[in-house]
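Heads up, the thing below is written out as structure tokens.
Residue indices begin at 1 and follow the sequence shown. Source: prediction; values computed, not measured.
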Amino acid sequence: MRVADCLFVTALAAVTLPACFESSAQQTQREAPAQAPAVPVTVAPVVAKDMPLEISLIGTTEAYNTVVVRAQITGELTSVNFEQGDDVKAGQVLFTLDRRPLEAALNQAEANLARDSAQADQARVSAQRTQDLADRGLVPREQVDQTRASATALAATVAADRAAVENASVQLEYATIRAPIAGRTGALMVSAGNLVRANDQAPLAIINQVTPTYVSFAISETLLPEFKRYMAKGALRVEATPPSDEGPAAAGQITFIDNTVDQTTGTIKIKGTFPNLDRRLWPGQFVNVIVRLGTDVGATVVPSIAVQTGPEGQYVFVVTRERTVEMRTITIARTAGAETVIKGGVKPGETVVTDGQLRLVPGSRINIKEARAPEVAS
């Protein structure tokens, strides 16, 4: 090769090789993307613990007994012996009506009884005397029959008079209206001086027994077999809390299951009985109800805020040993407040993300914000 040709080849290589190296470096830079920064998250461990089996519902408080007080006779209301809203005892006098017409009717019935009793005694003696004379053949048999019939008729009249006296006594008792049960009175519907009528549509007062009290709620008919199965094992505990009450829940027991499923709603009515000594539960009040069915021993539990919902169902982000996350589909058994019982998908000892999930994708690096990171499972 000539010297001129060698110089040309050398110059060409000097120009071409740097260009090739530069193109290769640029290509490598394009193929290797920059590593994403770690996402700050909070985490919590998956634990195994005993969890109560419970049903959360909305219920209504009902009076243990309710009595609508009405007058059984017509008359003037002469006195009201309580203040509306008072607690009353069984047998306590609530109202009195004008007794004078009733006392007069009783006196008249007693007078009629005395008169007819005297006549009946006379007729009985006369019938006996006539019978003695007939036995000696001194009077005809027809006269004996006549005096005996008269004595029998007067005896029946006396019996009717006794019934009239009893009825008048009962009517007089109706003039004093007593509380049939112990409880709390509601609004007073009438005041003294008004004319009240027997069995009027408008009541005089309503008494509700609030200690003890009922809480009524409905469960789906699909839960009824399981509900009855737990009831067969023993009394079921039920708790009730008024929505605005920050105190501890009132405790009671299930005492009633209705005998028919409501076909329009597919539910069945249940009642729990509560002592309600502190009267926190009031008739007509809506309450939050929790029925304790039993205990799920060794349940797998995660915080409810760790559970996310996606197109394929519910899932959690599980922390790996390399401080990355993997998305794990889970099966939820139930939710109990701030905790969720997991049926499958995670196991105790693993760690799940509880905050920061929106910035995560499978494989994302994480930075745990707690001062001391919990132990993670592989």
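The same ILVMFWY cluster, assembled from side-chain heavy atoms under 4.5 Å apart, contains both Val196 and Leu94. Criterion: ILVMFWY side-chain heavy atoms under 4.5 Å apart, direct or through other members. Under it, Phe317 and Ile366 are part of a common hydrophobic cluster. Cluster annotation: Leu77 and Val88 are assigned to the same hydrophobic cluster (Ile/Leu/Val/Met/Phe/Trp/Tyr, side-chain heavy-atom contacts under 4.5 Å, transitive). Transitive grouping of hydrophobic side chains (ILVMFWY, heavy atoms separated by less than 4.5 Å) keeps Ile254 and Ile290 in distinct clusters. By the rule that hydrophobic residues join a cluster once side-chain heavy atoms approach within less than 4.5 Å of another member, Tyr64 and Val215 end up as members of separate clusters.
More than 12 heavy atoms of other residues, nucleotides or ligands shown are found within 6.0 angstrom of CZ on Phe256. The local environment of CZ in Arg279 is crowded, with over 12 non-hydrogen atoms from other residues, nucleotides or ligands closer than 6.0 Å. Heavy atoms of other residues, nucleotides or ligands lying less than 6.0 angstrom from CD of Gln146 number 12 at most.
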Compile the donor-acceptor pairs under 3.5 Å between side chains in residues 223-236 and protein atoms, sequence neighbours left out, one pair per line.
none

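Take Ser220 and apply the side-chain hydrogen bond (donor to acceptor under 3.5 Å, both in side chains) test, not counting sequence neighbours, and it matches Thr222.
What you find for Arg280 and Asp278 is that their closest heavy atoms are CD-OD2, 2.8 Å. Here the shortest heavy-atom pairing between Met189 and Ala205 reads CG-N, 4.4 Å. In terms of heavy atoms, Arg178 sits closest to Gly91 at NH1-O, 3.2 Å. What you find for Ser304 and Thr335 is that their closest heavy atoms are OG-CG2, 3.7 Å.
Between the side chain of Asn194 and the main chain of Ser191, a donor-acceptor pair closer than 3.5 Å is present.
Using a 4.0 Å cut-off between a side-chain N of Lys or Arg and a carboxylate O of Asp or Glu, Arg124 and Asp121 qualify as a salt bridge.
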